[in-house]
2 protein chains.
Amino acid sequence: MNDHLSTTFAALADPTRRAILAKLASGEASVSELAEPFSISMPAITKHLKVLENAGLISRTRSAQFRPCKLEAAPLKEVAGWVEEYRRFWSESFDRLEAYLAQVQAEEHTGKKKKKHKKKHKH
Amino acid sequence: MNDHLSTTFAALADPTRRAILAKLASGEASVSELAEPFSISMPAITKHLKVLENAGLISRTRSAQFRPCKLEAAPLKEVAGWVEEYRRFWSESFDRLEAYLAQVQAEEHTGKKKKKHKKKHKH
DNA sequence: TGGTTATTTAGCTGATTGGTTAATTACAAT
DNA sequence: ATTGTAATTAACCAATCAGCTAAATAACCA
């Protein structure tokens, strides 16, 4: 899982980390500020922040003893791009989706499709 | 990690599983067909499919000895909805983003809204 | 009935994850 | 110089993960 998208998805697969991003959406925050809503230790937060930073989802600066975090949304653009490829699978009703696929299949009758399973038609 | 969104993100955080979804986007496929592009064992594929099924990203039927898989995109809609909340952080330049935020804040205080802006976040 | 094909289950690894406590670094204010 | 606050590192633990081989199950075919 060395690819960027996998790292991003893995970073997002934790509710604590998503909550941190949500908070950062309303502005920079220090580590303590980010930790406040949770009942876990500071080192645990530090680890979460490291995961987010490693995924490029946050950046950090220094200000006195504080290390303010800032949201970096570029990887989310990548996520949005990926998921967009599947939009047609949920944005159309089932029947319209079937019709769409049938049409696509008909249009690509240039080559032969190796469909070895029968199609079910129980509506 | 018992929340649906975390399960979905975790399922997507693996290139093999995303490749399986990509293949299923062009139609149902049997386990062997899905395994073909990869150099990993069949049991490994079975496990990946179980992760995807558990996340609601695929469904399975029976056809003779085959257990065809089908893409189920509903969880992806959820992902798209989540990431959409962050669109403004990448779709505008920084300066315009600042302006946008200031404007939204002002509108929230006056009770007017020019743009739909959801605020609820659940994890 | 027995054999072949498709797939899953069982049981084993090594790596990673999310958490902990205790110690440590970095800086500010006295 | 000493104290206090912010944050990190070190070292550990239990649970999960992604892979493997070998064996078991399920359905078809001859």
Side-chain angles (χ1 to χ4, degrees), chain A residues 1-21 23-24 27-70 114-118 120, chain B residues 1-21 23-24 27-55 57-70 123:
Chain A
M1 117 126 97
N2 20 22
D3 65 299
H4 199 186
L5 203 44
S6 294
T7 305
T8 304
F9 275 128
L12 297 177
D14 183 288
T16 302
R17 288 196 288 265
R18 290 200 307 280
I20 288 173
L21 293 182
K23 174 139 190 183
L24 290 178
E28 299 191 9
S30 70
V31 179
S32 305
E33 284 168 346
L34 291 173
E36 187 263 326
F38 308 104
S39 53
I40 60 179
S41 66
M42 285 290 292
I45 297 290
T46 294
K47 283 191 182 181
H48 281 307
L49 292 178
K50 214 175 272 184
V51 172
L52 290 170
E53 190 177 21
N54 194 257
L57 285 162
I58 65 171
S59 64
R60 322 190 60 178
T61 53
R62 280 192 100 114
S63 171
Q65 316 101 312
F66 305 89
R67 273 85 153 174
C69 301
K70 180 172 169 292
K114 56 164 183 178
K115 192 84 172 175
K116 56 166 77 164
H117 303 312
K118 62 169 182 335
K120 317 190 316 177
Chain B
M1 259 183 262
N2 25 20
D3 66 298
H4 198 189
L5 202 44
S6 294
T7 305
T8 304
F9 276 128
L12 297 178
D14 184 288
T16 302
R17 287 195 289 263
R18 290 199 308 280
I20 288 173
L21 293 182
K23 174 138 192 182
L24 290 177
E28 299 190 10
S30 70
V31 179
S32 304
E33 283 168 347
L34 291 174
E36 186 262 327
F38 308 104
S39 54
I40 62 180
S41 67
M42 285 291 291
I45 297 289
T46 294
K47 282 191 183 180
H48 280 308
L49 293 178
K50 214 176 271 184
V51 172
L52 290 170
E53 189 176 21
N54 194 257
L57 286 162
I58 66 170
S59 63
R60 323 190 62 177
T61 53
R62 281 192 100 114
S63 172
Q65 316 102 315
F66 305 90
R67 268 141 258 207
C69 301
K70 181 172 167 294
H123 293 109

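All chains are named by letter (A, B, ...) in the order of the sequence lines, taking the proteins before the strands, and each is independently numbered beginning at 1.
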Check: Taking protein heavy atoms under 4.0 Å as touching, what does nucleotides 18-26 of chain C look like 5' to 3' if B marks base contact, S marks sugar-phosphate-only contact and - marks none?
Finding: SBBBB---S

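Residues A/Glu33 and A/Pro68 have side chains not in contact (no heavy-atom distance under 4.5 Å, counting atoms from C-beta outward). B/Leu52 has its side chain out of reach of B/Arg60: every pair of non-hydrogen atoms, C-beta onward, lies at least 4.5 Å apart. Proximity of A/Leu12 to A/Leu57: side-chain heavy atoms (C-beta onward) are separated by under 4.5 Å at one or more points.
Atoms CZ (A/Phe9) and P (D/dC17) sit 17 Å apart, rounded to a whole Å. Atoms CZ (B/Phe66) and P (C/dT8) sit 12 Å apart, rounded to a whole Å. Between the P atom of D/dT8 and the CG atom of A/Leu52 lies a distance of 12 Å, rounded to the nearest Å. A/Lys50 has its NZ atom 15 Å from the C1' atom of C/dT16, to the nearest Å. At whole-Å resolution of the value, CD1 in B/Ile45 and P in D/dG19 are 8 Å apart. For B/Ile58 and C/dT7, the CD1 to P distance is 12 Å, given to the nearest whole Å. Put simply, CG on B/Leu34 is 13 Å from C1' on C/dA6, counting in whole angstrom units.
Phosphate contact (OP1/OP2 of C/dT8, side-chain N/O of B/Thr46, threshold under 4.0 Å): present.
Annotation: side-chain hydrogen bond (donor to acceptor under 3.5 Å, both in side chains) contacts involving residues 34-55 of chain A, sequence neighbours excluded, comprise A/Arg17-A/His48.
For B/Arg18, the salt bridge (Lys or Arg N to Asp or Glu O under 4.0 Å) criterion is met by A/Asp3, not counting sequence neighbours.
Judged by distance alone, with hydrogens and angles left aside, the side-chain atoms of A/Ser63 form no donor-acceptor pair with the main-chain N or O of A/Phe66 at under 3.5 Å.
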